[in-house]
Amino acid sequence: TQLLEQSPQFLSIQEGENLTVYCNSSSVFSSLQWYRQEPGEGPVLLVTVVTGGEVKKLKRLTFQFGDARKDSSLHITAAQPGDTGLYLCAGAGNTGFQKLVFGTGTRLLVSP
Amino acid sequence: DARVTQTPRHKVTEMGQEVTMRCQPILGHNTVFWYRQTMMQGLELLAYFRNRAPLDDSGMPKDRFSAEMPDATLATLKIQPSEPRDSAVYFCASGQGLADYTDTQYFGPGTRLTVL
């Protein structure tokens, strides 16, 4: 069974601070996606990384896929209250089209 | 702005009752997924359809849960009989089914189910 552990589980910071969320597994994934979910809504895709060592930037968010494609990180620079939400990583394995395994989630609260 | 729609948004029912949740995938998408989200277990895949055919329902309790796609515009998830442990938010997602691992799943707003 493929498992994705995220850390930390909860993070409460002040506006303007930087933070990093980690997503770790003992399994290799073909791709790794990051989603953000806001209360009362479904998850929304932020990014997909495919190549080991790949780094993608989305404004103040930087995503990295580990060289061995077993782990990933999300770094937010100068967090804003609008970044508040549940961040989920999700890995696609080798079991077929788009069968995603979701991580345990990191709940982020950014206070003004 | 194409979106996945789900009905009902909220459902409160008593143990033993039948519950049916509906999902309308984005027009043109050929993959549909049902997920369940709880605080304890997180987001779990229940069932997965491609071109209306069930490809994987290994995450679904077979004795009480069933998932179908009567047509390309409707997916249903049924629980009969419902139990308190089924209380969760149920999400439907759809995708284009691209032949690689980079496809995007678009999630609906979810159905919050409470079984008393």
Side-chain angles (χ1 to χ4, degrees), chain A residues 1-7 9-10 21 23-25 27-52 54 56 58 63 65 69-70 72 85-107, chain B residues 1-6 8-10 21 23-26 29-51 53-60 88-112:
Chain A
T1 303
Q2 296 174 309
L3 295 173
L4 280 167
E5 294 286 335
Q6 287 185 236
S7 60
Q9 282 186 292
F10 302 98
V21 177
C23 173
N24 295 295
S25 176
S27 301
V28 175
F29 291 97
S30 302
S31 67
L32 202 295
Q33 297 182 328
W34 284 91
Y35 290 78
R36 180 169 67 209
Q37 184 179 13
E38 298 188 14
E41 299 181 9
V44 175
L45 180 67
L46 296 173
V47 77
T48 301
V49 285
V50 180
T51 306
E54 182 176 2
K56 280 192 175 179
L58 184 66
F63 305 86
F65 201 11
R69 291 186 288 128
K70 293 182 179 181
S72 181
L86 177 67
Y87 287 82
L88 296 162
C89 62
N94 301 314
T95 56
F97 294 111
Q98 288 306 304
K99 185 173 179 178
L100 294 176
V101 174
F102 277 85
T104 48
T106 295
R107 198 167 294 277
Chain B
D1 186 20
R3 297 187 181 194
V4 174
T5 58
Q6 290 186 246
R9 292 295 311 273
H10 302 272
M21 291 169 271
C23 166
Q24 182 173 9
I26 293 173
H29 283 188
N30 64 9
T31 55
V32 172
F33 306 82
W34 282 104
Y35 291 92
R36 175 171 61 185
Q37 187 174 40
T38 62
M39 289 294 291
M40 293 300 295
Q41 300 297 327
L43 200 58
E44 303 173 285
L45 178 68
L46 296 176
Y48 162 33
F49 290 77
R50 183 176 178 86
N51 294 324
L55 287 194
D56 190 331
D57 61 1
S58 58
M60 201 165 65
V89 182
Y90 291 81
F91 288 102
C92 173
S94 71
Q96 293 178 287
L98 300 178
D100 59 23
Y101 296 101
T102 64
D103 199 15
T104 298
Q105 292 187 22
Y106 295 85
F107 283 76
T111 294
R112 180 174 295 275

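Below, each value reflects all heavy atoms present in this structure, side chains not excepted, and no hydrogens, waters or symmetry copies. Throughout, protein chains are lettered first and strands after them, A, B, ... in sequence-line order, and every chain is numbered starting at 1.
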With a 4.5 angstrom heavy-atom cut-off, which part of Arg112(B) approaches chain A: side chain, backbone, both or neither? neither
Verify the distance criterion only: is there a donor paired with an acceptor across the side chains of Gln33(A) and Gln105(B) at less than 3.5 Å? no
Minimum heavy-atom separation for Gln37(A) and Phe91(B), please, with both atom names. NE2-CZ, 3.3 Å
Could you walk me through whether Tyr35(A) and Leu43(B) pass side chain to side chain contact (heavy atoms under 4.5 Å, CB included), step by step? CA-CA 12 Å; Tyr35(A) 290 78; Leu43(B) 200 58; over 6 Å; no
Winner by heavy-atom pair count (cut-off under 4.5 Å) against chain B, out of Gly105(A), Gly103(A), Pro43(A), Gly42(A): Pro43(A)
Taking side chain as everything from C-beta outward and backbone as N, CA, C, O, which of these in Met40(B) sits under 4.5 Å from a heavy atom of chain A? Side chain, backbone, both or neither. neither
Between Tyr106(B) and chain A, with a heavy-atom cut-off of 4.5 Å, which part of the residue counts as in contact: side chain, backbone, both or neither? neither
For the CZ atom of Phe33(B) and the CG atom of Leu100(A), what is their distance to the nearest 0.5 Å? 6.5 Å
For chain A, which of Pro109(B), Gly42(B), Gly110(B) has the most heavy-atom pairs under 4.5 Å? Pro109(B)
